[in-house]
Amino acid sequence: VETYTASVVGGTGFTGGELLRLLAGHPNFEVVQATSRSADNMTVGRSHPNLRDLDLRFSDPDDLESVDVLFSATPHGVSMGRVDDYFEVADTVVDLSADFRLPEAAMYDEWYDGHESPEYLERAEYALPELNRENLPGADLIAGGGCNATATILGLKPLVDAGVLGPDSGEVVVDVKVGSSEGGAGGGAASSHPERSGVVRPYAPTGHRHEAEIEAYLGLSVSFTVHAVDMVRGASATCHVFPDEPVSKADLWKGYRGAYADEPFMRVVSGGGGVYRYPEPKSVAGTNHGEVGFELDPGNRRVVVFSAIDNMTKGSAGQAVHATNVALGLPETAGLEFGGLHPVGSP
Amino acid sequence: VETYTASVVGGTGFTGGELLRLLAGHPNFEVVQATSRSADNMTVGRSHPNLRDLDLRFSDPDDLESVDVLFSATPHGVSMGRVDDYFEVADTVVDLSADFRLPEAAMYDEWYDGHESPEYLERAEYALPELNRENLPGADLIAGGGCNATATILGLKPLVDAGVLGPDSGEVVVDVKVGSSEGGAGGGAASSHPERSGVVRPYAPTGHRHEAEIEAYLGLSVSFTVHAVDMVRGASATCHVFPDEPVSKADLWKGYRGAYADEPFMRVVSGGGGVYRYPEPKSVAGTNHGEVGFELDPGNRRVVVFSAIDNMTKGSAGQAVHATNVALGLPETAGLEFGGLHPVGSP
Amino acid sequence: MTTDTDPVLAEDPITGEEIELPADVEVGEIIDSPVTGTELEVISLDPVTLEEAPELEEDWGE
């Protein structure tokens with residue numbers, strides 16, 4: 001069995017913890033280092049109770065050990081400053097922040113605070129395999145997609161591929177609902193439990209960063225709004241689109257099944273029976289699955305597309321491991337087979 | 001002090017319970033009857049723990065007592081068949097179902113299962129005072145607005161009044177998030193706690209009934225989608241609109257403050273500081289308040305409007321009592337002064 | 001005759017309306033507008049001029 005050594009930089013955050021969970025359970029990986037400034041020398045299990053069996057203590061991010069693959073789960077702006085150090089110790093670098101996610105430096109000037117090492121942008125490959133699989137084999141710098149953009153791209157890609165939507169389509173409205181893990185583990189009054197339970201809180205009334213990412217990879221200009229709702233994990237994107245030509249349910253099924261029938265992690269869920277008739281974060285919580293579905297609204301010449309993922313897995317750590325499996329030529333679903341729980345509480 | 005006698009038909013449901021709560025606490029009302037087939041002769045407090053102090057037992061809906069005002073909190077299709085009986089015992093009838101909500105019988109053929117007493121539609125007045133105040137004094141048949149339509153109308157009315165939106169505007173997308181009380185107290189697997197906690201579940205992917213009501217009262221054709229989220233009470237409507245002419249923040253503030261500065265129950269909440277920067281069901285839970293706010297998205301020529309209400313109060317029982325206060329010439333806020341709680345759990 | 005505890009008048013930069021501010025307001029102070037709730041920064045005194053405070057940088061996470 002081929003095994004690779006891996007390290008996780010930024011191991012105490014939610015995303016870092018998920019990477020450690022997936023990699024520790026992955027047949028082809030051995031986790032040799034997890035770094036943290038705040039919890040240096042503490043056990044990983046102290047931060048992540050589901051990892052108490054992992055015999056590993058956090059170490060200082062300034063003494064990086066050499067590994068085959070380094071995963072960086074740090075906030076925006078960190079890995080763009082450390083990427084040279086990363087490549088000194090690792091053959092492959094997988095970054096889960098936005099630092100290498102957008103293709104051009106100019107976009108970082110507009111939507112972030114510029115870029116410290118723009119020369120790496122050309123070399124970076126966008127992680128989402130459902131969109132970029134052919135460019136991943138052998139890639140040595142992989143950039144994880146943003147979770148909101150991931151949910152939206154997975155929902156709308158089949159319509160773009162089928163020519164139903166294009167750059168000059170009418171309005172594309174994307175209304176996203178996300179859990180509290182998306183705000184990261186950051187503190188602050190707004191994310192305290194008393195203030196956060198039972199919210200439907202506009203979190204990003206207009207979402208330029210997500211729009212820039214979606215436009216870069218789908219060629220669609222979208223109008224984006226994000227709300228925080230009462231979940232910890234999960235992202236649900238509802239896309240309201242108005243195709244120029246009328247489209248039928250048969251076209252939609254053909255487009256979505258055509259796009260995803262062979263994708264190991266994608267499910268088309270649309271108007272079937274039972275309780276879970278459309279895509280829902282509960283159905284995919286903890287898994288690397290994505291659920292997409294649609295409803296036709298002829299009266300308004302509208303198609304409503306639903307797309308649900310777990311922002312911690314399909315939206316970040318799972319997508320990073322999936323892309324790394326493809327980059328290293330490993331089985332795509334290796335380490336990513338968990339199918340979720342039912343019944344399950346708030347994800 | 002002028003007092004009126006009141007009865008509530010359908011007293012065991014959530015809406016019936018809220019009506020009993022508001023009327024029992026109202027200085028100008030005395031609740032003399034609450035009917036229920038299923039809980040006949042049981043105390044009201046058995047169904048509604050917050051009403052254990054109310055010395056009243058449910059009685060049979062076929063022995064209606066004569067009262068000044070009869071409130072009907074029955075499912076759709078009941079009061080249209082009983083309205084003659086109601087008027088035999090009451091001077092004013094306030095119906096909280098959809099039975100007298102739409103202005104024309106043809107709309108009931110299209111969106112419901114026809115209408116048993118269409119002759120009453122002309123006489124019925126739409127309850128929402130912020131929209132229909134001048135027609136309420138002396139009205140003797142009042143029809144409560146639907147909660148999703150109420151949230152949407154309150155959010156968009158200022159833009160229609162200011163001429164920013166009109167019948168031939170571009171797409172108007174309304175993406176609503178609601179709590180579980182909206183589905184009423186009905187059972188079924190889908191509304192069991194294990195299946196309902198932590199949902200972001202498309203509940204009405206396309207919402208024709210709501211669209212018909214909004215079109216009838218705002219003259220706007222909208223594209224509607226409703227999701228159930230993890231709340232019990234609360235409705236939050238996010239409206240994505242694309243005005244033909246550019247609009248400024250000053251125009252928006254002028255329009256919204258102009259529409260609502262003198263409205264006792266409306267608050268304009270838009271981009272201020274603190275945790276609750278935009279309208280939110282938590283901020284209005286249990287109150288008859290409505291919060292509206294907006295954000296300008298020039299890049300997409302879009303205005304995003306947020307509107308949050310409590311579907312149990314502003315969206316039904318509170319709106320009914322508010323309209324009745326206006327109809328009887330009582331102080332508008334009588335019995336509706338509760339200002340909500342903070343901190344508060346999931347509404 | 002204004003005393004130093006009388007509220008100060010200034011123009012709300014968003015709606016142009018005249019708003020009352022606490023008398024002891026200082027340059028650089030952030031206050032929320034009584035009209036819009038928006039956070040405003042005191043740019044100068046005499047006359048008191050206000051500007052929209054820099055947009056709260058949302059923690060976008062992901």
Side-chain angles (χ1 to χ4, degrees), chain A residues 170-171 173 175 177-179 188-190 192 194-202 205-206 208 211 221-225 227 229-232 234-236 238 240 242 271 274-282 285 293-302 304 306 308 342-347, chain B residues 170-171 173 175 177-179 188-190 192 194-202 205-206 208 211 221-225 227 229-232 234-236 238 240 242 271 274-282 285 293-302 304 306 308 342-347:
Chain A
E171 307 308 346
V173 173
D175 191 302
K177 295 86 181 167
V178 298
S192 71
E195 303 284 24
R196 202 51 188 69
S197 4
V199 292
V200 178
R201 176 173 297 160
T206 53
H208 309 303
E211 292 171 4
S221 111
V222 303
S223 298
F224 216 82
T225 295
H227 308 75
V229 296
D230 200 348
M231 297 187 292
V232 172
S236 161
T238 303
H240 307 267
F242 301 84
V275 170
Y276 299 83
R277 306 186 53 228
Y278 290 97
E280 240 191 88
K282 257 168 93 93
F294 44 81
E295 196 53 67
L296 204 56
D297 179 14
N300 294 308
R301 289 178 306 97
R302 175 178 61 138
V304 189
F306 302 104
H342 179 257
V344 69
S346 179
Chain B
E171 307 307 345
V173 173
D175 190 301
K177 296 87 182 168
V178 299
S192 71
E195 304 284 22
R196 206 44 193 71
S197 7
V199 291
V200 178
R201 175 174 296 161
T206 54
H208 308 301
E211 291 171 5
S221 110
V222 303
S223 297
F224 218 81
T225 295
H227 308 74
V229 295
D230 199 349
M231 297 186 293
V232 172
S236 161
T238 302
H240 307 267
F242 301 85
V275 171
Y276 298 84
R277 305 186 57 227
Y278 291 96
E280 236 192 273
K282 256 168 93 93
F294 45 79
E295 196 52 70
L296 206 55
D297 180 14
N300 294 309
R301 292 180 305 100
R302 173 178 63 139
V304 189
F306 302 104
H342 179 257
V344 69
S346 178

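Letters go in sequence order (proteins before strands), and every chain restarts at 1.
Considering only heavy atoms from C-beta on, A:V200 comes within 4.5 Å of B:M231 through its side chain.
Residue with the most contacts toward chain A among B:P343, B:P205, B:P279: B:P205 (heavy-atom pairs, distance under 4.5 Å). Here A:F242 is the residue among A:Y278, A:F224, A:F242 with the most heavy-atom pairs under 4.5 Å with chain B. Across A:E211, A:E280, A:R277, the residue that shares the most heavy-atom pairs under 4.5 angstrom with chain B is A:E280. Residue with the most contacts toward chain A among B:R196, B:E171, B:R301: B:E171 (heavy-atom pairs, distance under 4.5 Å). In terms of non-hydrogen atom pairs under 4.5 Å with chain B, the most contact-rich of A:G274, A:G170, A:S223, A:G234 is A:S223.
Contact annotation for B:Y276: only side-chain heavy atoms (C-beta onward) come within less than 4.5 Å of a heavy atom of chain A. B:T225 touches chain A through backbone and side chain together, each having a heavy atom under 4.5 Å away. For A:V229, the part lying near chain B is the side chain, with the backbone staying farther off; criterion is any non-hydrogen pair under 4.5 Å. Residue B:V232: no heavy atom, backbone or side chain, is found under 4.5 Å from chain A. B:V199 touches chain A through backbone and side chain together, each having a heavy atom under 4.5 Å away.
Nearest heavy atoms, A:A308 versus A:P281: CB-N, 3.7 Å.
At a cut-off of 3.5 Å, with distance as the only test, no side-chain donor of A:K282 or A:S346 sits close to an acceptor on the other residue. One side chain, B:T238 or A:H227, offers a donor N or O that lies under 3.5 Å from an acceptor on the other.
With rounding to the nearest 0.5 angstrom, the CD atom of A:E195 is 6.5 Å from the CZ atom of A:R201.
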Stepwise salt bridge (Lys or Arg N to Asp or Glu O under 4.0 Å) check, A:K177 with B:D175: CA-CA 11 Å; A:K177 295 86 181 167; B:D175 190 301; 2.9 Å; yes
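When each of A:L296, A:D297, A:V173 is checked for a side-chain contact (heavy atoms from CB on, under 4.5 Å) with A:R302, only A:D297 meets the rule.
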